[in-house]
Novice: 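Before anything else, here's the structure in question.
The basis for the numbers below is simple: all heavy atoms, side chains too, and nothing from hydrogens, waters or symmetry mates.
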Amino acid sequence: MESQMKTNTKDLEHKVASLQKNLAFANDSSGVDSSELFKIIHRPGWTTPVQVLVAGGILEAMNQQAAALRGLGEALQQHIDASVGR
């Protein structure tokens, strides 16, 4: 069981780091402080396995939205560049 929780926390860490990278283009970390979050998720018994799955799902959805937003921003920038002849 403990091995499973370590795997789950590593997965959450990866998702938080990805979210920070996906939001970096907007100079916004969305208030996600990975160092504090990592301390919390490594505490024994911080939450139930179901809550870990819910948190992982939320982070995954946030990452997908942030990546889509980044892509839209890049498309807008390309359109602007093409409009001004860059």
Side-chain angles (χ1 to χ4, degrees):
M1 180 73 173
E2 184 161 330
S3 174
Q4 180 67 25
M5 286 303 289
K6 285 183 181 183
T7 300
N8 289 340
T9 57
K10 289 292 182 192
D11 184 51
L12 288 178
E13 283 183 18
H14 175 71
K15 288 178 180 178
V16 169
S18 293
L19 181 60
Q20 288 177 316
K21 289 177 189 173
N22 284 328
L23 293 175
F25 76 95
N27 292 325
D28 179 23
S29 68
S30 157
V32 177
D33 180 7
S34 62
S35 61
E36 185 63 26
L37 182 58
F38 292 170
K39 288 178 192 174
I40 292 168
I41 65 176
H42 283 287
R43 290 183 191 146
W46 73 277
T47 192
T48 66
V50 171
Q51 289 171 322
V52 171
L53 290 173
V54 170
I58 290 169
L59 285 166
E60 185 64 34
M62 290 173 71
N63 272 309
Q64 290 173 0
Q65 292 296 315
L69 183 60
R70 185 181 67 234
L72 289 170
E74 290 170 359
L76 179 60
Q77 185 62 52
Q78 288 173 358
H79 177 71
I80 291 169
D81 291 345
S83 294
V84 296
R86 288 189 205 175

Novice: Are the side chain of N22 and the backbone of A67 linked by a donor-acceptor contact shorter than 3.5 Å?
Specialist: no
Novice: Rounded to the nearest 0.5 Å, how far does NE2 of H14 lie from CG of L19?
Specialist: 11.5 Å
Novice: Please enumerate all residues that pass side chain to side chain contact (heavy atoms under 4.5 Å, CB included) together with L53, with sequence neighbours excluded.
Specialist: none
Novice: For a quick test of reading the model, state the closest non-hydrogen atom pair linking S18 to N63 and the distance between them.
Specialist: C-OD1, 3.1 Å
Novice: Which value, rounded to the nearest 0.5 Å, describes the distance between L69 atom CG and Q64 atom CD?
Specialist: 13.5 Å
Novice: CD of Q51 to CD1 of I58: how many Å apart, nearest 0.5 Å?
Specialist: 10.5 Å
Novice: In this structure, are over 12 heavy atoms from other groups packed under 6.0 Å from E60 atom CD?
Specialist: yes
Novice: Under the salt bridge (Lys or Arg N to Asp or Glu O under 4.0 Å) rule, what pairs show up with a residue in residues 14-24, not counting sequence neighbours?
Specialist: D11-K15
